Amino acid sequence: QVQLVESGGGSVQAGGSLRLSCSASGYTYPFTYRGCMAWFRQAPGKERERVASIYTGAVNTYYVDSVKGRFTISQDSAKNTVYLQMNNLKPEDTAMYYCAATRQGVPSTWSCVRESEYNYWGQGTQVTVSS
C-alpha cells in the first residue's frame, strides 16, 4: 500500500517562502516508473484544485496559472520524495495542501490531469500566509 507523508507547512508573511515535502513509500516499482505525483490545495469554502503535478517518468510538470513563476515542483528519486518550493507567497495561497499520487504504470502524462486518477493521498499540511 502506497503511503504519502507531507511536511513543511506553516505560517509566513506575504512574500515569504515555504518548501513542502512529500515522502512516498510502498511502491511496487521504482519511483520513476510512469506515475504522477501532485500537490492539491483546498481553502475553506473553495473547491480543491491541482496546484502542480509531475510525471515522474519524464519529469513533465504542470502548474495552475495562479502559481506559475512562484512555485516549483521537483522530485528526488533517490529519496522517493516530491517537493513544492513556494516563493513570493500570497494570502490567497492559504489552504490545506495535499500530496497525491496515481498508481504506477499510467499510460501517459494525461493521467496527471484527472483528479480521479490519484489513488493515494497524504494527510495534508496547512499553509497560512498573512498580509
Side-chain angles (χ1 to χ4, degrees):
Q1 179 73 5
V2 174
Q3 292 187 324
L4 305 175
V5 178
E6 302 117 328
S7 61
S11 297
V12 296
Q13 290 190 328
S17 298
L18 285 171
R19 188 177 79 157
L20 305 183
S21 300
C22 175
S23 178
S25 61
Y27 279 124
T28 300
Y29 303 105
F31 181 75
T32 55
Y33 182 67
R34 294 171 55 191
C36 307
M37 293 195 72
W39 289 95
F40 289 79
R41 68 184 179 187
Q42 187 166 25
K46 294 188 177 181
E47 292 188 356
R48 186 164 60 191
E49 68 173 345
R50 180 170 55 110
V51 175
S53 61
I54 187 166
Y55 182 66
T56 59
V59 201
N60 289 342
T61 58
Y62 158 87
Y63 299 94
V64 69
D65 286 346
S66 60
V67 308
K68 285 180 180 177
R70 301 188 298 122
F71 290 12
T72 302
I73 189 169
S74 62
Q75 65 183 42
D76 184 335
S77 302
K79 296 182 179 179
N80 285 13
T81 299
V82 169
Y83 303 98
L84 185 67
Q85 178 66 44
M86 304 185 294
N87 297 328
N88 190 20
L89 282 160
K90 302 177 180 181
E92 51 264 42
D93 295 318
T94 295
M96 185 70 79
Y97 283 70
Y98 298 92
C99 176
T102 67
R103 64 178 177 85
Q104 292 182 302
V106 295
S108 74
T109 58
W110 281 108
S111 297
C112 302
V113 175
R114 294 184 289 269
E115 186 172 328
S116 61
E117 293 282 348
Y118 291 88
N119 304 104
Y120 309 104
W121 293 82
Q123 79 283 0
T125 185
Q126 178 68 37
V127 171
T128 302
V129 185
S130 58
S131 57

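Predicted model, so just to flag it, every value in this text is computed and none were measured. Atoms considered below: every heavy atom in the structure, side chains included; atoms not considered: hydrogens, waters and symmetry mates.
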Next item on the list: Please answer: with hydrophobic residues joined when any side-chain heavy atoms are less than 4.5 Å apart, are Tyr83 and Leu18 in the same cluster?
Entry: no
Note to self: My understanding is that only one of Asn80, Thr32, Thr81 makes a side-chain contact (heavy atoms from CB on, under 4.5 Å) with Gln75; could you say which?
What the structure shows: Thr32
Note to self: Counting only heavy atoms not in Gln3 (residues, nucleotides, ligands), do more than 12 fall under 6.0 Å from its CD?
What the structure shows: no
Next item on the list: Enter the distance from Glu92:CD to Ser131:OG here, rounded to the nearest 0.5 Å.
Entry: 10.0 Å
Check: Does the side-chain contact (heavy atoms from CB on, under 4.5 Å) test come out yes or no for Gln1 and Tyr120, once each step is laid out?
Finding: CA-CA 9 Å; Gln1 179 73 5; Tyr120 309 104; 4.0 Å; yes
Check: Can you find a pair of side-chain heavy atoms, one from Gln104 and one from Arg34, that are under 4.5 Å apart?
Finding: no
Notebook entry, point to check: Passes side-chain contact (heavy atoms from CB on, under 4.5 Å), Arg114 versus Thr102? Steps please.
Noted result: CA-CA 10 Å; Arg114 294 184 289 269; Thr102 67; over 6 Å; no
Checklist line | Exam field: side chain Glu117 to backbone Ser111, donor-acceptor pair closer than 3.5 Å | finding: no
Check: Can you list every pair that meets side-chain hydrogen bond (donor to acceptor under 3.5 Å, both in side chains) and has a residue in residues 7-28, with sequence neighbours left out?
Finding: Ser17-Asn87
Next item on the list: Report yes if the side chains of Arg70 and Tyr63 come closer than 4.5 Å at any heavy-atom pair, otherwise no.
Entry: no
Check: Is any side-chain heavy atom of Val127 less than 4.5 Å from a side-chain heavy atom of Thr94?
Finding: no
Check: Which value, rounded to the nearest 0.5 Å, describes the distance between Cys36 atom SG and Arg103 atom CZ?
Finding: 9.5 Å
Margin query: If hydrophobic clusters are built from ILVMFWY residues whose side chains come within less than 4.5 Å, do Tyr118 and Leu4 share one?
Written below: no
Notebook entry, point to check: Hey, does the side chain of Glu6 reach the backbone of Gln123 with a donor-acceptor pair shorter than 3.5 angstrom?
Noted result: yes
Notebook entry, point to check: side-chain contact (heavy atoms from CB on, under 4.5 Å) between Ile73 and Val82: does it pass, once the steps are laid out?
Noted result: CA-CA 7 Å; Ile73 189 169; Val82 169; 3.7 Å; yes
Notebook entry, point to check: Are side-chain heavy atoms of Tyr98 and Met96 found at a separation under 4.5 Å?
Noted result: yes
Next item on the list: List in chain and number order the residues that pass ring pair (Phe, Tyr, Trp, His ring centres under 6.0 Å) with Trp121, two or more places apart in sequence or in another chain; answer none if no residue qualifies.
Entry: Phe40
Check: Got a second to check how far Phe71's CZ is from Leu20's CG, nearest 0.5 Å?
Finding: 8.0 Å
Margin query: Please determine whether side-chain contact (heavy atoms from CB on, under 4.5 Å) holds for the pair Tyr62 and Asn60, giving the CA-CA distance in whole Å, both sets of side-chain angles, and the decisive distance to 0.1 Å.
Written below: CA-CA 7 Å; Tyr62 158 87; Asn60 289 342; over 6 Å; no
Donor-acceptor pairs under 3.5 Å, side chain of residues 41-58 to any protein atom, not counting sequence neighbours: which ones?
from: Arg41; atom 1: NE; to: Glu49; atom 2: OE2; distance (Å): 2.7
from: Arg41; atom 1: NH1; to: Asp93; atom 2: OD1; distance (Å): 3.0
from: Arg41; atom 1: NH1; to: Tyr97; atom 2: OH; distance (Å): 2.9
from: Arg41; atom 1: NH2; to: Glu49; atom 2: OE2; distance (Å): 3.0
from: Arg41; atom 1: NH2; to: Ser66; atom 2: OG; distance (Å): 3.4
from: Gln42; atom 1: NE2; to: Lys46; atom 2: O; distance (Å): 3.2
from: Arg48; atom 1: NE; to: Glu115; atom 2: OE2; distance (Å): 2.9
from: Arg48; atom 1: NH2; to: Glu115; atom 2: OE2; distance (Å): 2.5
from: Arg50; atom 1: NH1; to: Ser53; atom 2: OG; distance (Å): 2.8
from: Arg50; atom 1: NH1; to: Cys112; atom 2: O; distance (Å): 3.3
from: Thr56; atom 1: OG1; to: Phe31; atom 2: O; distance (Å): 3.3
from: Thr56; atom 1: OG1; to: Gly35; atom 2: N; distance (Å): 3.3
from: Thr56; atom 1: OG1; to: Gly35; atom 2: O; distance (Å): 3.0

